Asks: 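To start, I am sharing the structure in question, which I have written as structure tokens.
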Protein chains: 2
Amino acid sequence: MEMASENPESVGFLSRGCCWFTSFMKNLASKLVLEPARTARSLAQEDPRRIIHSIKVGLAIALVSLIYYFDPLYEGFGVSAMWAVMTVVVVFEFSVGATLGRCVNRGIGTFIGGALGVAAHRLASCFGSEIVEPIILAVSIFIFAATGTFARFFPKWKARCDYGLLIFILTFCLISVSGYRDDEVIDIALTRLSTVMIGGSAALAICILLFPVWAGEDLHHLVADNIEKLGDFLEGFGDEYFKTLEDGNVRDSKALLEKYKSVVNSKTIEDNLVNFAKWEFRHGKFRFRHPWGEYQKIGGLIRECAFRLDSLNGYLKSEVQTPQEIREIFQESCQTMSSESSHALKNMARAIRTMTSSYVAVAKSHIAIAKSAADNLKSLLKTNSWQQTDLLQIIPVITVASLLIEVVSSTVKIADSVHQLASLARFKKISEDDASKSDQRNTERILRSPSIEGSHGLTISVE
Amino acid sequence: MEMASENPESVGFLSRGCCWFTSFMKNLASKLVLEPARTARSLAQEDPRRIIHSIKVGLAIALVSLIYYFDPLYEGFGVSAMWAVMTVVVVFEFSVGATLGRCVNRGIGTFIGGALGVAAHRLASCFGSEIVEPIILAVSIFIFAATGTFARFFPKWKARCDYGLLIFILTFCLISVSGYRDDEVIDIALTRLSTVMIGGSAALAICILLFPVWAGEDLHHLVADNIEKLGDFLEGFGDEYFKTLEDGNVRDSKALLEKYKSVVNSKTIEDNLVNFAKWEFRHGKFRFRHPWGEYQKIGGLIRECAFRLDSLNGYLKSEVQTPQEIREIFQESCQTMSSESSHALKNMARAIRTMTSSYVAVAKSHIAIAKSAADNLKSLLKTNSWQQTDLLQIIPVITVASLLIEVVSSTVKIADSVHQLASLARFKKISEDDASKSDQRNTERILRSPSIEGSHGLTISVE
């Protein structure tokens, strides 16, 4: 109070200025340091392989740049050694398949582009005239660049060799253009090809030898996870819709119920992974010609099923609800359909994850129970005990029931395609007894921990 | 016969060989020439801008390569002129936004990478020792490459400046590495920056001045087309489900009914186009800060609606059908809901396409009719005339009806977000009378051509 009375205006201005400055600095610090740090931590926690990948890239580039520092190596290539560094930077991708694809594309693109570039240069220099030569070169560049660019629109090529076409255009232009100033055009082409090959092999070697990330494995687990997510939804749905859980647990399972949403938009990721996986050679449990295309088919069916679940999810939030006493009539068969489809899906996920075909058989037995529950439901509807009920009130529960029937038939389709995958990829077999025992153990574990997730205190794991 | 009798075996072998050879050549010709030619023709017919784009790319590269042929230009840059050609090849994209984004990314990446590269080189050369210098350079390359690679995982940066980060790593490595052999490191950095800028501006100039393709415009039309496709489905659905069309027309409309399927998987294309559109400046009807993000929101709602349509589509193929006499009871309200939602969606598509907000109001009036049809349906269900009917038989039609009710509420959501877009983007207004008149003319045209597509002979166009 005393200080303020000395010159209240200037002090007020100063303290306001201080306040503004501190808050500005805090904001700046949070925008530039804290937020990125938080994002970085969550990215690393989500998938620690991201850190390993970054270190691998740094290592590969640093190693290849050594060519420049050692005289004997440098003398062979000269300034062109730069191309090796460049190749590592642009070729090194997250997964082995993607890196291999880019390496092969870059190699072949450089080879064909270089060869045609030399040919164009030879053709142009036949004329020997200083006016005709640039014209022929420019025209050939125009023709090849335009054709190459149009070829990139071809759907088949776009998926497999888009990058190769780009590198083809690039190399063709570089070689044919530099031939005009430098007669050692074949030398340039060969140096470029060899430096690209050195860079590419260094990138590939580090990508494969140090903690490799296989696109095929990622795809395999992605599809299994997606099936599991559908199973999670159906596991929680019956309880949630018929409100058999206590209030506290309902909140926990809500998060679980929303997990299927990421499945709906996973098509692009799947397509990319399939493309990369096709480049990969034998690794881990996967043979060279593993039927990667099958995963795409299963993925399509999974998404179809996820659309149905999205409709079901709408009924959880719907304001018009069927009265409890009517719902109770449907409860048993609906809950059976929901939980048995869930078990079936989870067994399929396990079949894929462990590459054991016997779990598909277990899944089919669950589907059979779900189907008979659907039949029960139908005969329940045929009885004429509905004459006194308001049709408007039963509609929501009837729609839920018929959506569940559709989900069951969707599950059948998924089971068929997983079976197809299992036979094409020669999944191993264990005795059916073992498979059902393991399934039983899992079912028990789920039954003993009704809240599914979030309250691990209750979970009594039998495994 | 006479010839064959001479030496039947050798003649048979020869003719078989001839046959095999002809069929092989035919196969080869069809694989290498006919198939690509057919694909190329259909790609060009689908979107003629693809041909124009290819020609533009060829032209830009040929023009920039002229730097190499003219002495005065070449003397300024030397071999580095190559970077200009390279820049054009890798920067030229289909749309203005994508090209601009890559140019800005490449420019800024080259600038920051070059500056830090020079700094690293200066720091290393301070020590002057032939052993310490390469070590410091290699370590700094490792650190920057690893950090830059990890930064590419940040979701925000991945969308906006993934390419810039790649170019940053590339330039940093090139400059700091070549500084070891060449003391004119600032010269190298500046030459590289200026050649990149020349190449980038040439690519941009040709991309913008010759038949520009705007990502924003494409996005705008994509969203309008997607809404229209939902409308097409609903237009045909009522007739198809209640079998009010003759058999011939049913087949025509089947293709129309499947069009919505492409909507389900359009998320990636939309996201990309939004990213590109944000780079674009004022063009055509779009201001500089056009609310591109709104299109993403509308897109999400469109897909949600498309999932419902997918469920409805399942009921068209379903084997269990409600008997005709029961269906007839529901027919009127269901057909009204379906056709009015269709009109509403088509008016929204027109509102977006013509950027006229008045059509949104017309759409809302159609939605009001659809809503009252839904209310009718509900009161219909409340009457007790159902006591004698088999509940199992009415389920399919009841599910269809409740899905249609959901579609109506989905349409309401889309209308709200189109309204939001219209007010943010300041769509123009015409008098409501004009809008409804134009709507009426369209409705008449549709009513007079019941087969919608395929039989243009019947279409009496009033417009």
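Lettering of chains follows the sequences in order, A, B, ..., and the numbering in each one begins at 1. Model, not experiment: these values are computed from the prediction. Computed over heavy atoms, backbone and side chain alike; hydrogens, waters and symmetry mates excluded.
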Asks: Locate the shortest heavy-atom distance separating B/Ala40 from A/Phe154; write the atom from each residue and the value.
Replies: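 What the structure gives for the nearest pair is CB-CZ, 3.8 Å.
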Asks: Taking every non-hydrogen pair under 4.5 Å, which of A/Ala138, A/Ala44, A/Pro134, A/Ala145 racks up the most with chain B?
Replies: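 Top count of heavy-atom pairs under 4.5 Å with chain B: A/Pro134.
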Asks: Output the option from A/Leu403, A/Leu174, A/Leu166 having the highest count of non-hydrogen pairs under 4.5 Å with chain B.
Replies: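 Counting heavy-atom pairs under 4.5 Å, the top option is A/Leu174.
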Asks: Give, for atom CD of B/Glu93 and atom OG1 of A/Thr149, the distance between the pair rounded to the nearest 0.5 Å.
Replies: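 That separation rounds to 10.5 Å.
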Asks: Kindly indicate whether the side chain of A/Val264, heavy atoms from C-beta on, has any atom under 4.5 Å from the side chain of B/Phe307.
Replies: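 The answer is yes; the side chains approach within 4.5 Å.
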Asks: With respect to chain B, which residue among A/Val57, A/Leu170, A/Thr399 yields the maximal number of heavy-atom pairs within a distance under 4.5 Å?
Replies: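 Top option by heavy-atom pairs under 4.5 Å: A/Leu170.
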Asks: Is A/Ile167 close to chain B through its backbone or its side chain, or both, or neither, when contacts mean heavy atoms under 4.5 Å?
Replies: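 Interface part for A/Ile167: neither.
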Asks: Which heavy-atom pair separates B/Phe142 from A/Leu59 by the least distance, and what is that distance?
Replies: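 Distance-wise, the nearest heavy atoms are CD1-N, 3.4 Å.
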Asks: Let me confirm one number: the CZ-CD1 distance from B/Phe92 to A/Ile169, rounded to the nearest 0.5 Å.
Replies: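 Taking CZ in B/Phe92 and CD1 in A/Ile169, the distance rounds to 11.5 Å.
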Asks: What heavy-atom pair brings A/Ser54 and B/Phe153 nearest, and what distance separates the two atoms?
Replies: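 Looking at all heavy atoms of both residues, the closest pair is OG-CE1, 4.1 Å.
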Asks: Considering only heavy atoms and a distance below 4.5 Å, find which of A/Val139, A/Thr268, A/Leu377, A/Thr147 pairs most often with chain B.
Replies: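 Among A/Val139, A/Thr268, A/Leu377, A/Thr147, the one with the most close pairs to chain B is A/Thr268.
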Asks: Is it the backbone or the side chain of A/Arg308 that comes under 4.5 Å from a heavy atom of chain B, or both, or neither?
Replies: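 When you check distances to chain B, only side chain atoms of A/Arg308 fall under 4.5 Å.
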